[in-house]
Amino acid sequence: MYGYPRDAWDDARLFPANMDDLIALMNDMAYAGTWRPAFDYLSTVLAQQTGICDYMFGEKVVQVVLATHFGLTEYFLVRSEYELNKGYADLYLEPDLARFPGMIYDYVIELKYLKRNETGDRPGTALAEAQRQLRGYLADATLGRRHPTVRHVGLAVVYRGWEMVACEAVTAER
């Protein structure tokens, strides 16, 4: 899904993300488990790189922008709609342990999207649903078998249009 935008980055430098900042943020995610600064940064990038008409596609535009930027660095193999425990996680940032054998963290990301005019407790309801889904995904035994040395972190992320309104971690039960 993110191949075309990644090629556009390589060919024409079309994305304004600061690569030094992005690489440092991905390094912190991979080795320190510090994920919040990366999501704050990418939330700003999302707002800068999209227009109102992009949101006709709702969650998919958010998913593509995030996957593209995660894929611009080499720490994670970005998997979209990754099957875990009879469900599909929106994104799975699989550690590239062949290149970076000391990586400590990987991330299963569940996105929820609200229209700009949705108010009330919709963000809280969407966040709770994403957390419930993540608990199921993180219970999938294949994560532990594939990467037994890695800590699996679920991230429930809720966007209202281009604004991130919630972002919380769910850790795997061991």
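Because the structure is predicted, anything quoted here is derived from the model rather than measured.
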At what distance, to the nearest 0.5 angstrom, does [atom1] of [X] lie from [atom2] of [Y]?
| X | Y | atom1 | atom2 | value |
| --- | --- | --- | --- | --- |
| D28 | I23 | CG | CD1 | 12.0 Å |
| L111 | Q63 | CG | CD | 6.0 Å |
| L22 | L72 | CG | CG | 6.0 Å |
| L91 | I109 | CG | CD1 | 5.0 Å |
| E110 | E129 | CD | CD | 8.0 Å |
| Q133 | L138 | CD | CG | 11.5 Å |

Quick one: do L77 and R79 satisfy side chain to side chain contact (heavy atoms under 4.5 Å, CB included)? Show the steps, please.
CA-CA 6 Å; L77 305 171; R79 311 285 189 211; 3.5 Å; yes

Starting from the C-alpha separation in whole Å, work towards a yes-or-no answer on side chain to side chain contact (heavy atoms under 4.5 Å, CB included) for M26 and H69.
CA-CA 10 Å; M26 294 299 105; H69 286 83; over 6 Å; no

Single hit among R151, R146, H152 for side chain to side chain donor-acceptor pair (under 3.5 Å) with D106
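For D106, the side chain to side chain donor-acceptor pair (under 3.5 Å) test succeeds with only one of R151, R146, H152, which is H152.
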
Around Y31, counting heavy atoms of other residues, nucleotides and ligands shown, do more than 12 lie under 6.0 Å from its OH?
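Count over threshold, so yes.
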
Is the Y107 ring parallel, tilted or perpendicular to the Y105 ring (thresholds 30°, 60°)?
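If you compare the ring of Y107 with that of Y105, the planes turn out parallel.
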
Would [X] and [Y] show up in the same hydrophobic cluster when neighbours are defined by side-chain heavy atoms closer than 4.5 Å?
| X | Y | answer |
| --- | --- | --- |
| M164 | L114 | no |
| V62 | L127 | no |
| V78 | M19 | yes |
| V65 | L93 | yes |
| V150 | L155 | yes |

Is any side-chain heavy atom of E74 closer than 4.5 Å to a side-chain heavy atom of D96?
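Not touching, per the 4.5 Å side-chain cut-off.
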
Residue pair Q131 / E168, side-chain heavy-atom distance below 4.5 Å
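Sidechains of E168 and Q131: in contact.
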
Please confirm whether F70 and Y41 have ring centers closer than 6.0 angstrom.
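Not under 6.0 Å, so no.
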
Between Y159 and E163, is there a side-chain donor-acceptor contact under 3.5 Å, judged purely by atom types and distance?
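The answer is no; no qualifying pair exists.
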
Can you see whether Y75 engages N27 through a side-chain donor-acceptor pair at a distance of less than 3.5 angstrom?
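Yes, because at least one side-chain N or O of Y75 sits under 3.5 Å from a partner of the opposite role on N27.
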
Using every non-hydrogen atom in the two residues, find where Y137 and A89 come nearest and quote the distance to one decimal.
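Y137 and A89 have their closest heavy atoms at CE1-CA, 3.6 Å.
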
